[in-house]
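Start at 1 and go down the list; that is how both ligands and their atoms are numbered.
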Amino acid sequence: MATAAVATSSAATIFNSAADCCARRVFLVTNLQVPTRSSSAFLRTSRTINSHSRAASSICTSSSSSVVNAAMATEASAKVIDGKSIAKEIREEIAAEISRMKESIGIVPGLAVILVGERKDSATYVRNKKKACESVCIKSYEVHLAEDSTEREVLEHISSFNNDPSVHGILVQLPLPSHMNEQNVLNAVCTEKDVDGFSPLNIGRLAMRDREPLFVPCTPKGCIELLHRCGITIKGKRAVVIGRSNIVGMPAALLLQREDATVTIVHSRTKNPEEITREADIVISAVGQPNMVRGSWIKPGAVVIDVGINPVEDAKSPRGYRLVGDVCYEEASKIASAITPVPGGVGPMTIAMLLSNTLAAAKRAHKFE
Ligand SMILES: Nc1nc(=O)c2c([nH]1)NC[C@@H]1CN(c3ccc(C(=O)N[C@@H](CCC(=O)O)C(=O)O)cc3)C=[N+]21
């Protein structure tokens with residue numbers, strides 16, 4: 001029983017057994033080159049937590065937890081947090097603001113995206129970002145470099161975007177090829193244009209009280225924005241963030257703390273992740289493991305934000321795979337009071353927040369209020 005195991009085993013074991021449990025009637029997914037945060041190393045923690053299991057269920061297998069069974073019996077059903085439509089609403093607000101800016105000072109925001117290599121998932125993300133920019137009248141600039149380009153070439157492009165006044169935001173698509181030093185590259189983006197919010201200065205300010213970061217990382221900002229727009233109070237709540245990546249888990253925890261939540265981070269070395277997660281009023285999961293978080297991890301009535309975007313093989317889908325979250329949706333949606341779906345949850349919000357950060361950068365550069 002998963003519950004019994006929690007008391008005695010390490011998190012790594014639990015994380016594996018949860019996934020295995022979910023994997024009982026499934027197929028193994030190997031070497032899928034598809035749009036996924038885990039395969040793009042967006043959530044690098046996933047490999048640490050569970051490197052052998054790339055499996056996921058089509059439907060989660062029945063759970064051992066009485067909490068789950070009780071909730072299932074009453075067929076409670078969570079409100080579905082529609083990230084896609086909230087992101088659309090935000091894009092409309094941004095478009096209106098940009099048109100006001102254009103009319104009053106004759107300037108539109110510019111976003112430069114640097115893509116290195118031929119990863120299909122990265123190319124898809126960059127294409128989607130470009131489309132989103134067009135939809136709100138942000139001018140997008142794109143540089144696509146070959147896989148075997150040098151770090152110096154990337155740095156030169158960053159430097160020229162740093163010096164280009166029509167570029168207000170610069171995004172270097174991650175992951176970079178392994179021969180490049182990610183830290184060197186990200187440090188080269190000037191702080192005023194760091195719309196990803198990944199620079200140590202931004203993260204440092206995010207972590208400190210009474211300091212304001214210039215930009216908040218897009219995915220965590222999108223999670224908080226979803227909570228706000230759904231009228232969910234964060235102040236005083238217990239929040240658990242599952243995963244501690246630089247890009248999502250860590251900044252999400254900092255943001256929740258800034259919003260006056262009491263925050264716990266659960267990660268691959270946590271001894272009793274299920275038990276700790278079950279104390280949370282708000283759960284943000286960002287590990288990149290399909291269906292790892294079972295219904296039994298969720299406190300009845302909790303709010304669940306699922307950041308994972310994991311491909312699982314699906315012969316019935318035209319692409320041959322479909323996307324599932326970190327959370328076993330079928331189970332958790334019967335226990336939570338609100339939950340984000342995958343796709344259509346956090347993903348579209350990430351892009352909306354990138355547009356929002358780019359607009360903010362342009363307003364700041366031109367002192368436009
Ligand atoms: N410097 C940098 N900044 C990033 O923000 C960044 C990055 N690198 N590298 C890759 C990851 C991944 N990422 C996503 C954005 C939108 C969706 C998204 O819109 N997903 C749709 C589904 C898309 C589909 O169906 O394929 C959804 O969840 O509904 C997903 C993933 C940003 N990333």
Study note, to complete from the structure: A student checking ligand 1 against Ile351 at a 4.0 Å heavy-atom cut-off should list atoms 16 (C)

Practice item. Check each atom of ligand 1 against the heavy atoms of Pro343 and keep those under 4.0 Å away; list them by number with element. Key: 22 (C), 27 (C), 28 (O), 29 (O)

Judging by distance only, is a nitrogen or oxygen of [X] under 3.5 angstrom from one on ligand 1?
X	result
Asp196	yes
Gln173	yes
Val172	yes
Gly345	no

Point to revise | Presence of salt bridge, Asp82 and Lys84, under 4.0 angstrom | key: no

What part of [X] sits under 4.0 Å from ligand 1 if we count only heavy atoms: the side chain, the backbone, both or neither?
X	value
Pro348	both
Ile309	side chain
Arg319	side chain
Ile247	neither

Study note, to complete from the structure: In terms of its nearest heavy atom to atom 27 (C) of ligand 1, the top option of Ser122, Gly344, Ala352 is Gly344

Review point. Can a cation-pi geometry be assigned to Arg364 and Phe215, taking NZ or CZ under 6.0 Å from the six-membered ring centre and within 45° of the ring axis?
Key: yes

Assess whether atom [atom1] of [X] is packed by more than 12 heavy atoms of other residues, nucleotides or ligands within 6.0 Å.
X	atom1	result
Lys363	NZ	yes
Gln183	CD	no
Arg238	CZ	no

Check your understanding: Which value, rounded to the nearest 0.5 Å, describes the distance between Leu176 atom CG and Glu151 atom CD?
Key -> 8.5 Å

**Study point:** Ile81 side chain near Ile305 side chain, heavy-atom distance below 4.5 Å
**Key:** yes

Check your understanding: Tell me, do Val248 and Ser245 make a side-chain contact under 4.5 Å, heavy atoms counted?
Key -> yes

